[in-house]
Protein chains: 2
Amino acid sequence: MSTTKALPLLEPEVAPCCPPLSERRLTAEEAERTAAMFKALGDPVRLRLFSAVASHEGGEACVCDISDVGVSQPTVSHHLKKLREAGLLTSERRGTWVYYRVAPSVLAAMATAFAPGS
Amino acid sequence: MSTTKALPLLEPEVAPCCPPLSERRLTAEEAERTAAMFKALGDPVRLRLFSAVASHEGGEACVCDISDVGVSQPTVSHHLKKLREAGLLTSERRGTWVYYRVAPSVLAAMATAFAPGS
DNA sequence: TGTCTATGTTGACGGATGTCGATGCAGCGT
DNA sequence: ACGCTGCATCGACATCCGTCAACATAGACA
């Protein structure tokens, strides 16, 4: 009767990354984009910053809340910028402070990379 | 009656990484070990190699099966070594060929990193 | 306006990393 | 023994990356 394809509306949104690694071989383009996100989390300082934001009450944290990671303030700013550029965090200035939060659906998207494939 | 601790036997095995990033702030040591695994997957060539092994029939692949990733053979070998050192792959020589497979429970362990925390 | 605080940017430095050609080594076949 | 194939290692090179001090910028407040 009809195709097996569901309605094209209300798509779960752009999935910028992370096809299951075990499902099939990644193409060069997929690997490029997915690796960029892993690379952003591949530094201990950045991973601690990301974890601090992700686990912070209310889902957001200002820089002053999370900058106690053992490096200088410029370095913290540099790493937060990398996490932003990788699409993992978003930032918003409210008055004196800048608040960071985990970009929507990033956790779920990356979890799918490790889902069983076959 | 008894402590709430379960039997120490039959532990699900060493969990070398990956407490949920959203659950709490990672310690420096946790971040170091977890970031090392993300870092290993943070290169497009390595990610394609990992995906090729993980998605290969039988759960294992010899180097000749997966070395068509656009770089020279020494580079492939170099990246596979990095993946081994990160604990993501294991290798075994059988006759002429060396077979790689995903290290046990690595996929599940890394998936937990992106599990919802609170 | 001026000053203080919070955060981002710049420039520079040293070390890590990805890449390759050349070479080494292990197994297989002749 | 010899050569051939699959894979690892070595040495060298260029580039990337994490880090910091110095400086710049943006709000808040007086």
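A, B, ... follow the sequence lines: proteins, then strands. Residue 1 opens every chain.
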- request: Would you please name every residue forming a salt bridge (Lys or Arg N to Asp or Glu O under 4.0 Å) with E30(B), sequence neighbours left out?
  value: R24(B)
statement: Residue set satisfying side-chain hydrogen bond (donor to acceptor under 3.5 Å, both in side chains) with T75(A), at least two apart, ordered chain then number -> S72(A)
field: Nearest non-hydrogen partners of L89(B) and F50(B), listed with the distance
entry: CD2-CD1, 3.8 Å
Contact under 4.0 Å: H79(A) side-chain N or O vs dC17(D) OP1/OP2: no
query: Starting at CD of E92(A) and ending at P of dA6(C), how long is that distance when rounded to a whole Å?
result: 19 Å
So which protein N/O to nucleotides 26-30 of chain D N/O distances come out below 3.5 Å?
none

message: Using whole Å, what does the distance between atom C1' of nucleotide dG6(D) and atom OH of Y99(B) come to?
response: 11 Å
Under the ring-ring contact (aromatic ring centres under 6.0 Å, His included) test, residues paired with Y99(B) that sit two or more places apart: none
query: Hey, is the main chain of C18(B) close enough, under 3.5 Å, to the side chain of T112(B) for a donor-acceptor pair?
result: yes
With R93(A) via side-chain hydrogen bond (donor to acceptor under 3.5 Å, both in side chains) - residues at least two apart: none
- prompt: Between dA8(D), dC17(D), dA6(C), which nucleotide gets closest to the side-chain atoms of S77(B)?
  reply: dA8(D)
task: Just jot down the side-chain hydrogen bond (donor to acceptor under 3.5 Å, both in side chains) partners of D68(A), sequence neighbours excluded, or say none.
output: R25(B)
Restricting both atoms to N or O, compile the protein contacts to nucleotides 20-23 of chain C shorter than 3.5 Å, with distance only.
{"from": "dC20(C)", "atom 1": "OP2", "to": "S72(B)", "atom 2": "N", "distance (Å)": "2.8"}
{"from": "dC20(C)", "atom 1": "OP2", "to": "S72(B)", "atom 2": "OG", "distance (Å)": "2.9"}
{"from": "dC20(C)", "atom 1": "OP2", "to": "T75(B)", "atom 2": "OG1", "distance (Å)": "2.8"}

task: Measure from CD on E32(B) to P on dG18(D) and round the result to the nearest Å.
output: 13 Å
query: Restricting to pairs with a member in residues 41-60 of chain A, which pass side-chain hydrogen bond (donor to acceptor under 3.5 Å, both in side chains), not counting sequence neighbours?
result: R46(A)-H79(A), E60(A)-R94(A), E60(A)-R101(A)
Residues in side chain to side chain contact (heavy atoms under 4.5 Å, CB included) contact with E23(A), at least two apart in sequence or another chain: P20(A)
field: Partner set under side chain to side chain contact (heavy atoms under 4.5 Å, CB included) for A40(B), not counting sequence neighbours
entry: L83(B), A86(B), L88(B)
task: Return the value, rounded to whole Å, for the distance between atom CG of D43(B) and atom P of dT15(D).
output: 17 Å
query: Hey, does Y100(A) reach any base, or is it just sugar-phosphate, or nothing, if we go heavy atoms under 4.0 Å?
result: sugar-phosphate
- prompt: When the distance from CH2 of W97(B) to P of dA8(D) is rounded to whole Å, what number comes out?
  reply: 14 Å
Pairs flagged by salt bridge (charged side-chain N to carboxylate O under 4.0 Å, His left out) wherever residues 102-118 of chain A is involved - sequence neighbours left out: none
task: Mind calculating the distance between NZ (K81(A)) and C1' (dC17(D)) to the nearest angstrom?
output: 14 Å
task: Go through dT19(D), dT17(C), dG8(C) for me and flag the one nearest to the K82(B) side chain.
output: dT17(C)
- request: With a 4.0 Å heavy-atom cut-off, tell me which residues in residues 46-56 of chain B come close to DNA chain C, sorted by residue number.
  value: R46(B)
query: Closer than 4.0 Å, any side-chain N/O of K39(A) to the OP1 or OP2 of dC17(D)?
result: yes
